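Just so you know, these numbers come straight off a predicted model, no measurement behind them.
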Amino acid sequence: MSQAREEVIQACAEEACGCNGTYSENLPEHFGENVFSLKVMKEMLSPKAYASIEKTIKEGGKLDASIADEVAEAMKKWAVSKGATHYTHWFQPLTGVTAEKHDSFIDWNDHGGVVLSFSGKNLIQGEPDASSFPSGGLRATFEARGYTGWDPTSAAFIKEGPGATTLCIPTFYIGYHGEALDKKTPLLRSMVALSKQVCRLAALFGIDVKGKRAYCTLGPEQEYFLIDKAHYEARMDLVQTGRTLFGRKPAKHQQQEDQYFGAIKPRIMAFMEELDRTLWGLGMPSKTRHNEVAPAQYEIAPIYEDLNTAVDHNMMAMEIMRQIADKLGLVCLLHEKPFAGVNGSGKHNNWSVVGPDGKNWLYPGKTPHENAKFLTTLCAVIKAVDTYADLLRVTVATAGNDHRLGANEAPPAIVSIFLGDQLTDIVEQIEKGGAKSSKEGGSIHVGVDALPTLARDTTDRNRTSPFAFTGAKFEFRAVGSNQNPSAANMILNTIVAEAISDICDQLEAAKGKDFNSTLQKILQDIIKKHKKVLYNGDGYIEEWQKEAKKRGLPNMKTTPESLEVLKAKKNIDVLVKHGVLSAKEIASRYEINKHAYQTVVSLEGDCALTMARTQLIPAGLEFQAQLSGVKSVTQKKLLKTVSGLLDKAIAAADALEATLGKHDGLKTLAAMAKLRETIDALEAYVPANIWPLPSYAEMLLMNA
């Protein structure tokens, strides 16, 4: 049993993780068999070493270097027993994917022979080249030194491949001067910042915080598409960009609403079965699998885990999904919008806070004390999201996600909070001076009178809300399916830490005054100032766009527009204040994300132009040639239509070429859209035996 699972079981028992479920010990015997868990360490380490590493994992803090060699030797023996010949420091550079450099356990002994060796130094620190990864100016090309450092809070695991088995050690990645060159380091820093402020608030509530920490839980639901490998390989756009740059919408797609939760096809079920078993072996608590809304679209969801572990597991899961699909003659598409006109794919980020008392502070309790914690945390989130909506928005700003946000069950770019009727009613009462009742009956007053027992599901669900309270957790629905969820959670942790810090400042300044009345006044002020971010309605309607503008809520629809908020003083200040990112590191993220956006759009533009000129326009010309010399009125009409579309396509291709190289992504996208419109219209006329690409109907409906 992995440490993550041990903590989640305890959390579930105390309603701390918001998973609304219970565990059975009758899990598959191989659950966690490929994880170097606390259970394994307890069997292989001395009592002293085990106690030390257990404390580091559970409470945080620095690793005792004196036990590093013993832990490394145990890890090596365990890995070798699993067939491993190599180890790697597995890390998450600013490319958005994972990275690894493999070293074998082989070393020379004193007699010139070969031995298997793995030291504490090998475990704790590695040195991959830092010059070839994105750094946004943090590292110059000639400054190659970078370091990976072991993250003991995320368990090492075994990666099995065809003829190769590797020990993977989760690590952070920093530059020579300590600058964060990865996604994990700022995430870990933000977790420390949030824990500090939650513990500070807990102490004010009279909770013992000595030797304890607060932490977050995460349950990232992962959406994806599966298509036949032959169809994928026949399309240059899918191979090079991950999405279709051309394709006419088929007569049948998702409009009959018969795919969602439908019977799973045998070939897809085979994929899901192998995926679950592989994930379970790596200690990942894969829970739910089902058909999603669009044809060929599916979803997998885990049980909630400690945030850092959940992020690592999600990154591992995406890689494994691709590998298993390939083995079964399928391709797993994780792009946010691989097919125009049907649902895109997201990664619904279910986030909650567990205090030093082991309780989920976003779970309404049965006592005034527990409800006071809940309402304080709720108001802190409201304050955080309203104040830093722009910063939260930029965490989901990518070229791929720009195609998804705003339609087909993806939330709009306007960041608002959905609370549901019951919580909205309570919040409105607090604003007026104190909540006296709830829609479920009973009396309610922050921290004083007896409170009603709130139903576990205190809200409906709102698919159009980017940030919705869905019962004991908040669901940030705007994260893209292909994204590393670290950035969104790093910002969420930081801005909530700032909001709680401000609440604590006020409570501490009022020391000696009545705590409950002071707290009630603080929450009342928060709601009055920040209620504009609350919205329970349809996020898609035009009226909301107008209302949001009137309320002063930001509506940044594109990545270039969103990235500019990284230059705002308030956003830089909050990240620097809590030690999550330095001003220099923030500037580097701006440059990296700006370059990544332009690179993706330019690559897509080049690919679209190549496909149009070398595949699609020639197919149209071939059909035009077949129609030449026809005599019937109908054939002449068809020839005129096809010829007209070809003229438009050639002109649109020329226009697209003119935008490339100007580094204006929005103009390139507009030119691509114009070319696509004409090419897709042409596809409707050219015979299938001439058209060189698999159609949408083939790709979406012939995957099993």
Side-chain angles (χ1 to χ4, degrees), residues 1-11 23 25 27-91 100 103 105 116-126 148-160 165-172 184 188 191 211-213 215 278-285 303 305-313 316 358:
M1 184 187 300
S2 69
Q3 164 64 14
R5 181 166 175 267
E6 289 171 5
E7 288 193 355
V8 173
I9 291 173
Q10 179 65 24
Y23 275 86
E25 291 303 316
L27 284 170
E29 289 185 4
H30 71 287
F31 188 93
E33 68 177 358
N34 288 328
V35 180
F36 191 66
S37 63
L38 275 176
K39 180 181 178 181
V40 175
M41 285 190 261
K42 190 171 186 178
E43 295 172 352
M44 301 186 70
L45 297 176
S46 66
K48 179 183 177 182
Y50 174 76
S52 177
I53 192 70
E54 181 186 37
K55 183 177 181 180
T56 298
I57 292 172
K58 288 186 174 181
E59 298 179 13
K62 293 184 178 180
L63 177 72
D64 181 357
S66 67
I67 68 166
D69 283 336
E70 183 179 346
V71 174
E73 180 64 19
M75 192 180 291
K76 182 202 72 179
K77 287 182 178 178
W78 173 80
V80 170
S81 74
K82 296 286 184 179
T85 57
H86 290 67
Y87 69 92
T88 181
H89 276 198
W90 182 84
F91 60 105
E100 52 196 62
D103 288 299
F105 290 117
L116 298 183
S117 173
F118 185 58
S119 68
K121 182 180 179 181
N122 297 144
L123 169 63
I124 291 175
Q125 182 175 310
T148 50
W150 181 34
D151 172 18
T153 63
S154 185
F157 59 95
I158 292 292
K159 181 189 287 189
E160 296 177 330
T165 301
T166 306
L167 170 66
C168 297
I169 304 163
T171 59
F172 57 87
K184 181 185 278 280
L188 294 174
M191 292 166 63
K212 298 178 181 178
R213 69 182 179 103
Y215 64 96
T278 303
L279 296 182
W280 289 342
L282 289 165
M284 300 186 211
I303 297 172
E305 301 181 87
D306 174 89
L307 173 58
N308 181 43
T309 302
V311 169
D312 283 357
H313 279 175
M316 292 159 60

Engineer: At what distance, to the nearest 0.5 angstrom, does CD of E54 lie from CG of L45?
Structural biologist: 11.0 Å

Engineer: Measure across V35 and G283 and return the closest heavy-atom pair with its distance rounded to 0.1 Å.
Structural biologist: CG2-N, 3.6 Å

Engineer: State, yes or no, whether a side-chain contact exists between T166 and E100 at a heavy-atom distance under 4.5 Å.
Structural biologist: no

Engineer: Evaluate the ring planes of F118 and F105, with Trp represented by its six-membered ring, and classify them as parallel (under 30°), tilted (30 to 60°) or perpendicular (over 60°).
Structural biologist: perpendicular

Engineer: I'd like to know if the side chain of K82 reaches the main chain of E33, judged simply by a donor and an acceptor atom lying under 3.5 Å from each other, with no hydrogens or angles considered.
Structural biologist: yes

Engineer: Could you walk me through whether Y215 and M191 pass the side chain to side chain contact (heavy atoms under 4.5 Å, CB included) test, one step at a time?
Structural biologist: CA-CA 7 Å; Y215 64 96; M191 292 166 63; 5.6 Å; no

Engineer: Restricting to non-hydrogen atoms, name the atom on T165 and the atom on G83 that form the minimum distance, rounded to 0.1 Å.
Structural biologist: CB-O, 3.4 Å

Engineer: Quick check for you: to the nearest 0.5 Å, what is the distance between K159 atom NZ and H86 atom NE2?
Structural biologist: 13.5 Å

Engineer: Please determine whether side chain to side chain contact (heavy atoms under 4.5 Å, CB included) holds for the pair L38 and Y50, giving the CA-CA distance in whole Å, both sets of side-chain angles, and the decisive distance to 0.1 Å.
Structural biologist: CA-CA 8 Å; L38 275 176; Y50 174 76; 3.8 Å; yes

Engineer: Nearest heavy-atom pair of A155 and P170: which atoms, and what distance?
Structural biologist: O-CG, 3.5 Å

Engineer: Measuring from atom OG1 of T88 to atom CG of L167, what distance do you get when rounded to the nearest 0.5 angstrom?
Structural biologist: 9.0 Å

Engineer: So, taking the atom named CG in N308 and the one named NE2 in H313, what distance separates them when rounded to the nearest 0.5 Å?
Structural biologist: 10.0 Å

Engineer: Mind checking what makes side-chain contact (heavy atoms from CB on, under 4.5 Å) contact with S52, not counting sequence neighbours?
Structural biologist: D64, I67

Engineer: Is there a donor in the side chain of H89 and an acceptor in the side chain of T171, or the other way round, less than 3.5 Å apart?
Structural biologist: no

Engineer: Which heavy-atom pair separates T153 from T56 by the least distance, and what is that distance?
Structural biologist: CG2-O, 4.3 Å

Engineer: Out of curiosity, E73 CD to S117 OG, how far, rounded to the nearest 0.5 Å?
Structural biologist: 8.0 Å

Engineer: Check whether K76 reaches the backbone of L116 with its side chain - one donor and one acceptor, N or O, closer than 3.5 Å.
Structural biologist: yes

Engineer: Taking D312 for the side chain and T309 for the main chain, is one N or O donor matched with an acceptor at less than 3.5 Å?
Structural biologist: no

Engineer: Quick check against the 3.5 Å criterion: does N34 have a side-chain atom that pairs as donor or acceptor with the backbone of L282?
Structural biologist: no

Engineer: Output the distance between atom CH2 (W90) and atom CE (M316), rounded to the nearest 0.5 Å.
Structural biologist: 6.0 Å

Engineer: Give me the atom names and distance for the closest heavy-atom approach of L123 to W150.
Structural biologist: O-CB, 3.4 Å

Engineer: Quick one: closest heavy-atom pair of T148 and F91, and the distance?
Structural biologist: CG2-CD2, 3.7 Å

Engineer: Could you tell me whether E70 and K48 have a side-chain N and a carboxylate O separated by less than 4.0 Å?
Structural biologist: no

